[in-house]
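Written out below as structure tokens is the structure these notes cover.
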Amino acid sequence: MGKLALWVVCGNCGREFDTGLRLDRRSFARGTLAANYHRCPHCGRRLTYRKADYRPRDEARGQEAPRAGPNPSGEGT
């Protein structure tokens with residue numbers, strides 16, 4: 001099973017960056033990933049991100065991984 005690289009879009013400058021987090025697909029699907037702090041390498045701002053903010057990419061190919069469907073209950077986010 002390949003690793004996912006977790007990217008986010010900075011809430012301050014709007015540029016996308018690699019957070020450095022790596023998870024397998026199962027761990028990403030099961031994890032809550034709430035209140036994670038990341039510093040944007042472009043503007044230097046340190047902000048909080050939650051699971052819905054992450055853009056998982058297949059680490060080997062650098063392509064965005066398919067996202068799971070919406071979670072209307074908000075559980076697991």
Side-chain angles (χ1 to χ4, degrees):
M1 184 179 302
K3 292 276 186 181
L4 296 175
L6 301 185
W7 290 62
V8 293
V9 172
C10 177
N12 184 56
C13 71
R15 295 178 67 184
E16 187 177 45
F17 66 93
D18 184 352
T19 65
L21 291 176
R22 300 295 184 267
L23 295 173
D24 61 62
R25 290 179 189 278
R26 178 176 282 158
S27 296
F28 181 73
R30 290 183 177 184
T32 57
L33 298 169
N36 291 288
Y37 289 92
H38 302 289
R39 185 172 307 279
C40 176
H42 307 292
C43 70
R45 186 85 183 262
R46 184 175 182 249
L47 297 172
T48 306
Y49 296 90
R50 56 191 175 91
K51 186 174 185 176
D53 298 321
Y54 289 105
R55 297 180 173 191
R57 293 187 177 177
D58 185 309
E59 187 176 41
R61 289 185 292 223
Q63 297 175 347
E64 194 161 340
R67 287 181 168 230
N71 185 354
S73 69
E75 291 181 82
T77 58

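Atom set for the values below is all heavy atoms of this structure, side chains included, hydrogens, waters and symmetry mates excluded.
Between the side chain of R39 and the main chain of G44, a donor-acceptor pair closer than 3.5 Å is present.
A pairwise comparison of heavy atoms in R57 and E16 identifies NH2-OE1, 2.6 Å as the closest pair. Heavy-atom minimum distance, K51 versus A29: NZ-O, 2.9 Å. The two atoms that bring A35 and T48 nearest to each other are CA-CG2, 3.4 Å, heavy atoms only.
Remark: R45 CZ to C10 SG distance equals 8.0 Å, nearest 0.5 Å. Summarising the geometry, atom CZ belonging to R15 is positioned 7.0 Å from atom SG belonging to C40; distances are rounded to the nearest 0.5 Å. Rounded to the nearest 0.5 Å, atoms OG1 (T19) and CZ (R55) are 12.5 Å apart.
Between Y54 and Y49, the angle of the ring planes lies from 30° to 60°, which puts this pair in the tilted group.
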Pair D58, R25 - check salt bridge (Lys or Arg N to Asp or Glu O under 4.0 Å), show working. CA-CA 9 Å; D58 185 309; R25 290 179 189 278; 3.7 Å; yes
Passes side-chain contact (heavy atoms from CB on, under 4.5 Å), L47 versus Y37? Steps please. CA-CA 6 Å; L47 297 172; Y37 289 92; over 6 Å; no
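By the salt bridge (charged side-chain N to carboxylate O under 4.0 Å, His left out) test, R22 is found to be paired with D18, E59, residues two or more places apart in sequence or in another chain being considered.
At least one test fails for K3 against the ring of F28: distance under 6.0 Å to the centre or angle within 45° of the axis.
N36 is not listed as a side-chain neighbour of V8, based on a closest heavy-atom distance of 4.5 Å or more.
W7 and L4 sit in two unconnected hydrophobic clusters of ILVMFWY residues. Membership requires side-chain heavy atoms under 4.5 Å apart, directly or through other members.
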